[in-house]
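To keep things clear, I will list the structure first and then write my remarks on it.
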Amino acid sequence: MTFKPAEWPRKLRSQEWYGGTSRDNIYHRGWLKNQGYPHDLFDGRPVIGILNTWSELTPCNGHLRELAEKVKAGVWEAGGFPVEVPVFSASENTYRPTAMMYRNLAALAVEETMRAQPIDGAVLLVGCDKTTPSLIMGAASTDLPSIVVTGGPMLNGWFRGERVGSGTALWQMSEDIKAGKMTTEDFLEAEQAMSRSSGTCNTMGTASTMASMAEALGMALSGNAAIPGVDARRRVMAQISGRRIVQMVKDDLKPSDIMTKQAFENAIRTNGAIGGSTNAVIHLMAMAGRVGIDLTLDDWDRLGRDVPTIVNLMPSGKYLMEEFFYAGGLPVVLKRLGEAGQLHKDALTVSGETVWDEVKDVRNWNEDVILPVDKALTQQGGIAVLRGNLAPSGAVLKPSAASPALMKHRGRAVVFEDIDDYKAKINDEALDIDETCVMVLKNCGPKGYPGMAEVGNMGLPPKVLRKGITDMVRISDARMSGTAYGTVVLHTSPEAARGGPLAIVRDGDMIELDVAARRLHLDLTDEEIAARLAEWQGPPEVPVDGYARMFHDHVEGADSGADFDFLKGCRGAAVPKDSH
Ligand code: FES
């Protein structure tokens, strides 16, 4: 990739606000001086917005104000003018009905925050799951120079000598309680050990996956993804990213220069190699849509199929992000992809160098954490995209987190009409279900839930768990937490609430899953399916007003990234009309 830096010096957009002697220039500049800024700071140097998703209700990003200070130090050092700006923080563990419902709202707010204000470039301070894609989406739609700095993962959790992986342990322990293998007292004691430092989930969950995606895309400096939140090197990363964004503004190195089709292909293959979250499928497609790149589910299947999962981290494997960092982190994985011919080596990164330049000399320091290919967790680590009469527009499954014995399975459907129906029935000993059945959950897609909650990894019925069974085939239009595992078919499209075939599955129908053949089949005739769809009454409730109505009316399907139809594409940074 050849990138030609812009000429410097030149007039930046922030000078529309701060340069000159007009009444409006004085208005913009004079008011900011109440913060104690000397006049010469308004001399045309790059104004860097540090877009901070810090919030006390986003605990994974709770340390980002400290990191922002390091970013500011870097911006000052490089001759920029840093301004810290709070932006919408969609916390995974507090937002209801689900943080995913607010990803697009956050992206919209970020886009407008950047465009409407005197910002020449941005440092995206992110961490918790949705904060990373939402800020990248917003920044991409303005196409102003931007660099991602993540907060980094928490240190390992430890409980009675065992690693406690964020989320993964929670799902496991809650199943153990239902199976009578763990007491509530022990569960509460384990809670104390789960989150022992600042940072994001320490598994290869969605937060770590999206940090890895940002790095693989080239939107973060090399090595950013895995540094623990409390490691001094995290603060160093923040500071040098602050320095770097100033030069990116001078060079006019924009998201559209970096987020190319090649970059997205690198990210997809990286996701296979790290055993990353299925949520990356939706987020990367939405991010691609913002820069006008046509990324499809078929790209995911095509590119991920032959990528071995070599990162031995929960939920697919054994270790946690802290150990991934000590082993060398994502650069080692990118180097391995490059050596296998599975990396576009000349893809550009925020450093101004190619991805291969960044990783070609790194070393793997622990081959039990980053495995040799012949010891990979699975040789086919990418996301499997399934199709068939039950998912005409596709569904996804993560092979590295699934049970090999269930990858080809035919079973009787046990249907839950929505999440409340599931909750009402699942613990009922009279429920007609055994481990050979296929659990089907409807109305949990983008429109149906609304927001597409992470409920696809439905807990198993207690009577099955008591037999020592830990996995069953589960199918839904929902998402699954990146920290979760199981033979779980997700994002089934079109979703039930849009009248996809999932809506007409009934108890007792036979369903066939064949991952190798990429097939998801409802064993009914076309005529029977058509007849049932003709009878389908539609989703029970449509929100009447507020953001829920906007979301319902504009959210697209999971198969294209669940963005809003009116937000796709890059709108640039030009202000439509200045009232001053
Ligand atoms: Fe925030 Fe996992 S809940 S990173």
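Read the numbers this way: they start at 1 and go in the same order the structure lists the ligands and their atoms. In what follows, residues are counted from 1 in the order of the sequence shown.
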For Ala207, the ligand 1 atoms whose distance to one of its heavy atoms is below 4.0 Å: 4 (S)
Minimum-distance protein heavy atom relative to atom 2 (Fe) of ligand 1: Cys201 SG, 2.1 Å
Flag for Asn364-Arg336: side-chain donor and acceptor within less than 3.5 Å: no
Working for side chain to side chain donor-acceptor pair (under 3.5 Å), residues Ser89 and Ser55: CA-CA 7 Å; Ser89 183; Ser55 159; 4.8 Å; no
Parallel, tilted or perpendicular: ring planes of Phe564 versus Phe551, cut at 30 and 60 degrees: perpendicular
Residue pair Thr150 / Asn224, side-chain donor-acceptor N/O under 3.5 Å: yes
Those atoms of ligand 1 less than 4.0 Å from some heavy atom in Asp129: 2 (Fe), 4 (S)
Geometric class of the Tyr422/Phe416 ring pair [parallel <30°, tilted 30-60°, perpendicular >60°]: perpendicular
Numbering as shown, the atoms of ligand 1 that approach Thr200 to under 4.0 Å (heavy-atom distance): 4 (S)
2.8 Å cut-off met by an N, O or S atom of Cys60 to atom 1 (Fe) of ligand 1: yes
Per-atom contacts, ligand 1 versus Glu92 - under 4.0 Å to a heavy atom: 3 (S)
Per-atom contacts of ligand 1 with Asn93, taking only distances under 4.0 Å to non-hydrogen atoms: 3 (S)
salt_bridge(Arg103, Asp129) N-O dist < 4.0 Å: no
Ligand 1-proximal atoms of Cys128, by part, heavy-atom distance under 4.0 Å: both
